[in-house]
Participant: 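Pasting in a structure now, in structure tokens, and then I'll have a few things to ask.
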Amino acid sequence: MHSDWYKHAVVYQIYPRSFCDSNGDGIGDLRGILSKLDYIKSLGVDAVWLNPIYKSPNDDGGYDISDYHAIQPEFGTMDDFEELLAQLHAHGIRLIMDLVLNHSSDEHRWFLESKKSRLSPYRDYYFWRDGKDGKLPNNWPSFFGGSAWQKDENTDQYYLHLFSRKQPDLNWESPALRNEMHAIMRFWLDKGVDGLRLDVISAISKRTQFPDTDTTDFNETIRKYYANGPRLKEFIAEARQKVWDRYNVMTVGEGPGITPHNASDYLDERNGLSMIFHFGHMFMDQGPGGRFDPIAWTLNDFKKIFKIWDEAFATQGWGSVFLGNHDFPRMVSRWGNDQQYWEQSSKLLITLLLSMRGTPFIFQGDEIGMTNTVLKSVSDSRDIETQNGWKAAKVKGIDEADFLQVANRAGRDNARTPMQWNGKPNGGFSVGEPWMPLNPNTITINVEEQRKSPHSVLSYFQSMVRLRKQNTVLRTGAYEPLADTGENVFAFWRKADADTILVALNFSDAPVHFATPPGASKLIGNYGAENSTGLRPWEAAVYRVA
Ligand code: TEU
Ligand code: CA
């Protein structure tokens with residue numbers, strides 16, 4: 001029986017390396033998470049999504065797995081994992097694990113065997129191709145710079161890696177490989193894991209002729225050549241029949257190239273996933289060159305994307321809403337004003353996240369308004385995407401200061417600074433040297449400080465979670481954006497039967513006129529309870545209208 005618990009859930013994403021370090025080695029770990037269970041429970045969330053905790057050389061933050069059945073030693077032991085799972089369940093919180101299906105680490109035994117010989121029984125677990133006229137098999141670029149092909153001199157062939165060289169793509173055309181992946185899913189589901197976040201599932205079916213891309217726009221290359229391949233629906237349906245249908249498991253698909261137009265391919269009632277992440281807004285400020293080629297975004301584009309995505313799920317499947325995660329800058333720095341209106345815009349974004357239709361995912365630290373950090377040199381970066389981005393920029397003659405300006409705005413390091421528990425130098429994250437420096441503003445932005453105040457971002461987050469739980473209309477009600485509210489206001493109705501709620505958000509530093517409907521009573525606001533004629537800078541207000 002498939003319970004739809006996930007449709008009622010608010011999910012808290014934990015990036016284990018940066019959450020809490022229990023043994024002083026400067027690296028977050030499972031026992032660190034165990035020590036914060038009461039805090040997690042106090043948020044009112046119903047599930048935790050853990051970024052990968054499997055054995056990994058950590059070339060890409062653990063998304064390069066060398067043993068799918070073992071816990072990363074830095075994070076702890078399998079016993080620690082079992083205890084964490086049991087304790088989460090004892091606290092009424094479900095666990096979603098992050099499964100990386102599209103690629104393994106190049107240190108996985110399958111790849112070590114595969115590269116030994118063209119005749120290896122593991123050869124077709126990966127994609128090996130001859131070069132063309134002494135060149136690369138095709139012109140595909142990697143997400144992390146350079147070619148998506150790496151030459152192996154030993155067998156004189158290239159292997160495919162859409163991400164880093166140490167992340168060879170798995171060949172799902174191979175039934176043996178698919179069986180291995182199914183067995184890995186069963187291994188974790190047999191332990192009682194409640195959900196699976198399926199990393200880059202959009203790319204697991206390859207166009208095996210590997211045609212050259214005909215565009216230099218990276219996101220277009222993804223959509224046309226990497227994502228939504230010919231056998232994707234078949235592979236998802238097979239995993240559903242052979243594995244997921246045997247468990248009460250929630251599956252959420254992630255991946256570049258998932259659009260409102262192909263969402264239904266992933267969400268078939270019988271053969272699809274429980275839900276997918278919608279990414280439309282996450283790439284809207286990326287130009288043709290991808291992450292390090294930023295372009296301006298407008299609130300109107302933002303509003304349009306939310307409308308299109310809500311319509312995609314109105315009749316089929318179920319959406320998930322997020323405004324930040326470990327792959328993107330901090331939401332208050334990216335979409336809000338993290339200086340003069342830091343508190344108001346943090347609360348405004350929390351209001352948006354928790355009043356939308358679909359399952360909200362809040363990323364660790366966004367509940368207290370953590371902001372982007374500042375890398376003073378590229379050597380401070382701990383992210384292969386930024387490090388490789390710099391290599392590519394240098395070749396183009398871009399100087400480090402200019403590259404850092406972009407990386408400090410768009411890079412993934414921003415989301416990976418350690419959690420800010422208190423105002424002490426290491427923010428209560430570790431008694432040792434943290435693997436990555438904390439944001440210096442941990443002195444003022446931290447859990448301990450905010451737990452003391454009923455007006456803190458943290459308290460506002462807890463109130464918004466309660467409001468969402470008390471008003472089903474915020475979870476499942478119809479979503480109707482207000483038209484003609486100008487380029488600074490994002491306002492929408494949430495309607496169900498006799499229940500009508502209005503959400504009004506001013507995404508600007510200027511006060512704006514906004515006519516509150518007669519008879520409206522404010523349920524929550526980031527300027528306190530008193531009403532106002534319009535919306536003050538970065539004001540968020542939620543009204544019951546009927
Ligand atoms: O990210 C896949 C993805 O959606 C990429 O577009 C993502 O934005 C990434 O940052 C590249 O720009 C998933 C994981 O979330 C990410 O952390 C991994 O690096 C990636 O897959 C490879 O496993
Ligand atoms: Ca540790």
Side-chain angles (χ1 to χ4, degrees), residues 13 15-35 49-54 56 58-65 71-77 80 98-105 141-145 148 161-170 197-204 218-219 221-223 226-227 252-258 276-283 285-286 289-293 322 324-329 361 363 382-389 407 410-416 418 426 429-435:
Q13 178 192 353
Y15 192 74
R17 185 170 288 276
S18 300
F19 191 67
C20 180
D21 167 25
S22 70
N23 63 349
D25 66 355
I27 297 170
D29 47 53
L30 300 183
R31 302 211 68 81
I33 302 173
L34 267 165
S35 73
W49 154 29
L50 282 188
N51 287 100
I53 56 171
Y54 319 94
S56 162
N58 200 38
D59 189 58
D60 175 25
Y63 281 91
D64 48 314
I65 297 170
I71 299 296
Q72 175 72 319
E74 297 167 333
F75 291 165
T77 65
D80 294 332
D98 201 327
L99 203 51
V100 186
L101 310 162
N102 179 67
H103 44 269
S104 75
S105 163
S142 153
F143 275 88
F144 296 152
H161 62 87
L162 294 182
F163 292 90
S164 88
R165 288 181 185 165
K166 287 182 68 62
Q167 293 171 291
D169 281 57
L170 290 165
R197 177 228 185 227
L198 302 168
D199 185 68
V200 193
I201 191 165
S202 55
I204 62 172
F218 187 53
N219 282 312
T221 290
I222 294 169
R223 277 193 300 279
Y226 298 177
V252 54
E254 186 271 353
I258 299 181
I276 50 170
F277 285 117
H278 91 64
F279 266 82
H281 53 315
M282 298 314 255
F283 293 116
D285 54 1
Q286 289 188 11
R291 183 186 297 276
F292 300 115
D293 175 21
F322 72 108
N325 67 19
H326 63 292
D327 285 334
F328 295 98
F361 283 67
F363 178 55
R382 298 289 181 278
D383 176 17
I384 186 164
E385 189 176 33
T386 296
Q387 291 155 4
N388 287 3
R412 304 192 301 181
D413 290 280
N414 285 307
R416 300 176 181 193
N426 285 342
F429 164 72
S430 170
V431 295
E433 181 62 32
W435 74 283

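As the structure lists them, so they are numbered: ligands from 1, and atoms in each ligand from 1. All heavy atoms count here, side chains included; hydrogens, waters and symmetry mates do not. Count residues from 1 along the sequence.
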Participant: Short N or O contacts of ligand 1 with protein, under 3.5 Å, listed by atom name?
Facilitator:
residue	atom	partner	partner atom	Å
ligand 1	1 (O)	Glu254	OE2	3.3
ligand 1	1 (O)	Asp327	OD2	3.4
ligand 1	4 (O)	Glu254	OE2	2.9
ligand 1	10 (O)	Arg291	NH2	3.0
ligand 1	10 (O)	Arg412	NH1	3.0
ligand 1	12 (O)	Arg291	NH2	3.2
ligand 1	12 (O)	Glu385	OE2	2.6
ligand 1	15 (O)	Arg197	NH2	3.0
ligand 1	15 (O)	His326	NE2	3.0
ligand 1	15 (O)	Asp327	OD2	2.4
ligand 1	17 (O)	His326	NE2	3.1
ligand 1	17 (O)	Asp327	OD1	2.7
ligand 1	17 (O)	Asp327	OD2	3.4
ligand 1	17 (O)	Arg412	NH1	3.4
ligand 1	19 (O)	Asp60	OD1	3.2
ligand 1	19 (O)	Asp60	OD2	2.6
ligand 1	19 (O)	Arg412	NH1	2.9
ligand 1	21 (O)	Asp199	OD1	3.1
ligand 1	21 (O)	Asp199	OD2	3.3
ligand 1	23 (O)	His103	NE2	2.9
ligand 1	23 (O)	Asp199	OD2	2.9

Participant: In this structure, are over 12 heavy atoms from other groups packed under 6.0 Å from Arg165 atom CZ?
Facilitator: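 Check fails, neighbour count at 12 or below.
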
Participant: Dump the intermediate steps for side chain to side chain donor-acceptor pair (under 3.5 Å) on Asp59 and Ser164, then the final yes or no.
Facilitator: CA-CA 8 Å; Asp59 189 58; Ser164 88; 2.6 Å; yes

Participant: Walk me through it: do Arg197 and Val252 pass the test side-chain contact (heavy atoms from CB on, under 4.5 Å)?
Facilitator: CA-CA 5 Å; Arg197 177 228 185 227; Val252 54; 3.9 Å; yes

Participant: Salt-bridge test for Asp64 and Lys166: reply yes if a basic N is under 4.0 Å from a carboxylate O, no otherwise.
Facilitator: no

Participant: Partners of Arg382 by salt bridge (Lys or Arg N to Asp or Glu O under 4.0 Å), sequence neighbours excluded?
Facilitator: none

Participant: Closest approach of Ile258 and Ile276, non-hydrogen atoms and distance?
Facilitator: CG2-CD1, 3.4 Å

Participant: Are the side chain of Asn388 and the backbone of Phe144 linked by a donor-acceptor contact shorter than 3.5 Å?
Facilitator: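 The answer is yes, because a donor-acceptor pair under 3.5 Å joins these two groups.
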
Participant: Distances under 3.0 Å only: what protein N/O/S atoms are near the Ca ion (ligand 2), ordered by chain and residue?
Facilitator: Asp21 OD1, Asn23 OD1, Asp25 OD1, Ile27 O, Asp29 OD2

Participant: With ring centroids as reference points, do Phe322 and Phe277 lie under 6.0 angstrom apart?
Facilitator: yes

Participant: Name all residues meeting the salt bridge (Lys or Arg N to Asp or Glu O under 4.0 Å) criterion together with Arg31; count only those two or more places apart in sequence or in a different chain, and write none if there are none.
Facilitator: Asp80, Glu83

